[in-house]
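One structure is given here, and the rest of the page talks about it.
Both counts, for ligands and for their atoms, begin at 1 and track the order of listing. Only this structure's heavy atoms are used, side chains among them; waters, hydrogens and symmetry mates stay out.
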Amino acid sequence: MLMEKSLSKVSHLKKYLCQKAIGMDKQIQGFSKKSKAEKIDWVAAQFFHDAQAAKALLATYWNTDEALQRLHDEFTENTLTNFYLPLGVAPNFLINGHNYVLPMAIEESSVVAAACKAAKFWVDRGGFRAEVIGVEKVGQVHFTFDGDPKSLVDFYHQIKSSLLAACAPLTKNMEQRGGGILHMELVDKTTDLENYYQLHLTFRTADAMGANFINSCLEQIANSLLAEAENYAPFKATGQSLEVIMSILSNYVPNCRVRAEVRCPKSDLGTHDGLTSEQFADKFIRAVAIAKAEPYRAVTHNKGIMNGIDAVVLATGNDFRAVEAGVHAFASRHGRYTSLSDAYYEGDDFVFSIELPLALGTVGGLTSLHPLVKWSLELLGNPNAEELMQIVAVAGLAQNFAAVHSLVSSGIQKGHMKMHLLNILNQFKASEKQKEKALTFFTHEKVSHQAVRNFLEQNTGV
Ligand code: MEV
């Protein structure tokens, strides 16, 4: 008996050690049902050396205004605290003759400063021009059909209007706001994938980004499609069957597109780190040509554009993942990843432009919920979706101008490290006095981790 007991203890211990070795002790059932305090306790106890310190840090980032904290808690699931990003502003953006101060939510040092610099540079040269090229959104019902493609086409023509009619209760409000379903077509995709077809729809969603509207319409259409197919006598008679696989909007929206540009006589560009206006313009155009020709460079070039775009997209409560996915697909639309921007001469003018898809909203989603999003939209004069598309495209163009400007003149590190100086000082836990002194010292000195370390060692008593 004793022997049996100790054997069972050993096997329990073995099982426990085995589970621990593969991390099973760090799994949990019903986590989402626990209270916030319980979730924090469990996470802190399981994953942190100092559970108390881990919990204290989360608490520091809570908002003491309970209602405000609850609002943030409810944006998503399993919220433990808030994650801060700085919200900066970039003034002096002259866009289509109007002055804007752009809200930018971004952590990367130098992005806001670069936007400010570009805005200031172009405000004296006529500012930015922007225009919306299209506002068409896309959604698809993906389905398979194992029968004769011709009979599917006949079926589709017979039921098309009833599919659309079934959406009427969903589209009514949107139609009053100038939106709705624009077009629907049956697409045969069987050369790409056996038995694969789709209903490809285009939409207008007024000032909403429109994801919920589009997805609701698509699911309604998919249900009606299925019901009609099940009752369609020729399919029943021949045993041909249709299966809906999924219904979802596409984040690739090449016809929801905006263009922005700056231009000025090339002789008005001014001198830059020893380059004359004309030399600067030539080198700038050459740098953009490289980004157009070379995908490795294009990715980084476009990343610089997205620094500006994402920052404004985030501050205005829009979905930056959707924007990113769509923009990069657009950058590859000709089969090779390329630059989103272009630079060229038109007569004596230097022209720098950008064209990209942006599905943005200024109503719905977070726009009326998140207090800082509301603030940011008010800062922009409560733009409609098309105005916001133009502002965001300009943010991307400005950021790209600042980056390429630095790259072809002083190099990127000079400005970058200057802006990074405070981060380095904070990493070394510099005192406020040391920081103040360092900012003056490094105005004319090259910033590097080693240089900052040396400076702090020589200024310990400050
Ligand atoms: C850094 O965040 C962005 C840049 O690399 C963009 C570029 O190279 O054009 C500076």
Side-chain angles (χ1 to χ4, degrees), residues 85-90 93 102-122 128 259-262 269 272-273 275 279-315 320-321 323-325 327-328 330-332 336-344 350-356 358 392-424 426-427 446-449:
L85 277 184
L87 177 68
V89 293
F93 270 90
L102 303 198
M104 301 183 83
I106 186 150
E107 88 301 346
E108 184 174 331
S109 46
S110 85
V111 167
V112 177
C116 295
K117 236 173 127 181
K120 202 117 194 279
F121 182 88
W122 284 106
F128 297 83
R259 182 178 188 281
E261 69 163 42
V262 281
L269 283 165
H272 303 270
D273 276 79
L275 298 172
Q279 285 168 336
F280 171 72
D282 281 353
K283 212 170 165 191
F284 193 104
I285 288 174
R286 179 63 33 163
V288 176
I290 290 172
K292 283 160 71 180
E294 161 57 47
Y296 278 92
R297 172 57 200 147
V299 170
T300 317
H301 180 92
N302 290 346
K303 189 274 181 186
I305 291 172
M306 300 315 286
N307 278 344
I309 300 230
D310 284 345
V312 183
V313 166
L314 206 52
F320 65 92
R321 288 86 55 208
V323 167
E324 285 276 350
V327 163
H328 297 299
F330 184 73
S332 328
R336 190 184 64 193
Y337 191 89
T338 187
S339 165
L340 293 162
S341 63
D342 200 0
Y344 50 92
F350 165 84
V351 185
F352 182 43
S353 68
I354 191 167
E355 201 169 310
L356 78 172
L358 286 173
V392 170
V394 163
L397 186 67
Q399 208 64 43
N400 193 212
F401 178 79
V404 177
H405 174 286
S406 296
L407 287 168
V408 300
S409 54
S410 61
I412 207 75
Q413 280 309 82
K414 192 172 159 205
H416 214 81
M417 290 309 281
K418 280 258 145 61
M419 297 309 300
H420 196 48
L421 176 59
L422 266 180
N423 285 346
I424 304 175
N426 285 335
Q427 269 167 23
K446 198 163 177 183
V447 178
S448 69
H449 275 82

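The minimum heavy-atom distance linking Phe330 with Glu355 is given by the pair CE2-O, 3.3 Å. Taking every heavy atom of both residues into account, His405 and Phe280 meet most closely at CD2-CZ, 3.4 Å.
Here Lys292 pairs with Val288, Thr338, Ser339, Asp342 under the side-chain contact (heavy atoms from CB on, under 4.5 Å) rule; sequence neighbours left out. Applying the ring-ring contact (aromatic ring centres under 6.0 Å, His included) test to His301 and every residue at least two apart in sequence or in another chain returns nothing.
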Donor-acceptor contacts, no H, no angles, side chain residues 307-315, under 3.5 Å, sequence neighbours left out:
unit_1: Asn307; atom_1: OD1; unit_2: Lys303; atom_2: NZ; d: 3.0

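The 4.0 Å heavy-atom shell around ligand 1 contains residues Glu108, Arg297, Thr300, His301, Lys303, Gly304, Asn307, Ala403, Leu407, Ile412, ordered by chain and number.
Of the possible donor and acceptor atoms, none in the side chain of Gln399 sits under 3.5 Å from a partner among the backbone N and O of Ala114.
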